[in-house]
Amino acid sequence: MASATLFSKLARIWRHQWMDEADVRRVLPDAAMERLAARVAASERRHSGEIRICVEAGLPWSYLRRHASARERAVTLFGKLRVWDTAHNNGVLIYLLLAEHAIEIVADRGIDAHVDDAEWAAMAQRMGAAFREGRFEDGLMQALEEMSALLVAHFPLAENEPDTNELPDEPVVL
């Protein structure tokens, strides 16, 4: 039993250390990243929320050493990328961890108060289904549309209200 546990820990470390930015660019090339940034920008012209996409090939050694989860990393990045720092507390982070095929959605309290955990989980499951078919861009585009609909429903821009772009629209690759 101990050797199986050791093997799984070593396999996890190897998987994370083996993957790099080239793996991210393979599943989401520059053109796809540009289309995703344009979709985020178009979405944010319709509501006061902020959406960030972050794709990471593998966890840093400091996370692996202490057996941290993808969720823990996503919550940390939610803060580091300042997604929490929006005027209406309605920022949303979509975090993909390629080494573990993990998808995490972290939403600030303003939008999270309107959306239940099951709805976020269903959105992540739909993205996961697309990703398993190799359709990373499609899965993210669908999630962006769903998030846009939620943000428009709960945080629409008033007529003639300018969009204050509080965060960059481009996906972050780590």
- Query: Can you tell me if His47 uses its side chain to pair, donor with acceptor, with the backbone of Gly49 under 3.5 Å?
  - Reply: yes
- Query: Any ion pair linking Arg26 and Asp23 (charged N to carboxylate O, less than 4.0 Å)?
  - Reply: yes
- Taking the side chain as C-beta and beyond, is there a heavy-atom pair between Met123 and Leu150 under 4.5 Å? yes
- Message: If you apply the rule side chain to side chain contact (heavy atoms under 4.5 Å, CB included), what do you find for Leu157 with Arg46, and how did you get there?
- Response: CA-CA 6 Å; Leu157 287 177; Arg46 300 170 37 218; over 6 Å; no
- Task: Give a yes or no on whether the backbone of Ala74 and the side-chain of Glu104 come within a donor-acceptor separation of less than 3.5 Å.
- Result: no
- Message: Using the side chain to side chain contact (heavy atoms under 4.5 Å, CB included) definition, which of the options Glu72, Arg71, Arg73 pairs with Val75?
- Response: Arg71
- Item | Closest heavy-atom pair and its distance - Cys54, Leu77 | SG-CD1, 3.9 Å
- Message: Any heavy-atom pair between the side chains of Glu44 and Ile51 that's under 4.5 Å?
- Response: yes
- Item | Sub-4.5 Å side-chain heavy-atom contact between Ser43 and Met147 | no
- Heavy-atom side-chain contact between Glu50 and Asn165 under 4.5 Å: yes
- Message: I'd like to know if the side chain of Arg52 reaches the main chain of Pro168, judged simply by a donor and an acceptor atom lying under 3.5 Å from each other, with no hydrogens or angles considered.
- Response: yes
- Message: Test your reading of the model: is there a side-chain donor-acceptor pair from Asp108 to the backbone of Gly110, 3.5 Å cut-off?
- Response: no
- Query: Leu140 versus Leu28: any side-chain heavy-atom pair under 4.5 Å?
  - Reply: yes
- Message: Can you confirm whether Glu137 sits close enough to Arg35 that some side-chain heavy atom of one is under 4.5 Å from a side-chain heavy atom of the other?
- Response: yes
- Query: Given Met127 and Ile94, is the side chain to side chain contact (heavy atoms under 4.5 Å, CB included) satisfied, shown in steps?
  - Reply: CA-CA 10 Å; Met127 273 191 286; Ile94 301 172; 4.0 Å; yes
- Give every residue pair that meets the ring-ring contact (aromatic ring centres under 6.0 Å, His included) criterion with at least one member in residues 113-162, sequence neighbours excluded. His114-His154, His114-Phe155, Phe131-Phe136
- Query: Are Met33 and Arg25 side-chain neighbours, meaning at least one heavy-atom pair lies under 4.5 Å?
  - Reply: yes
- Message: Please check if the number of heavy atoms outside Arg109 that lie under 6.0 Å from its CZ is greater than 12.
- Response: no
- Side chain proximity check, Val24 to Leu96, heavy atoms < 4.5 angstrom: no
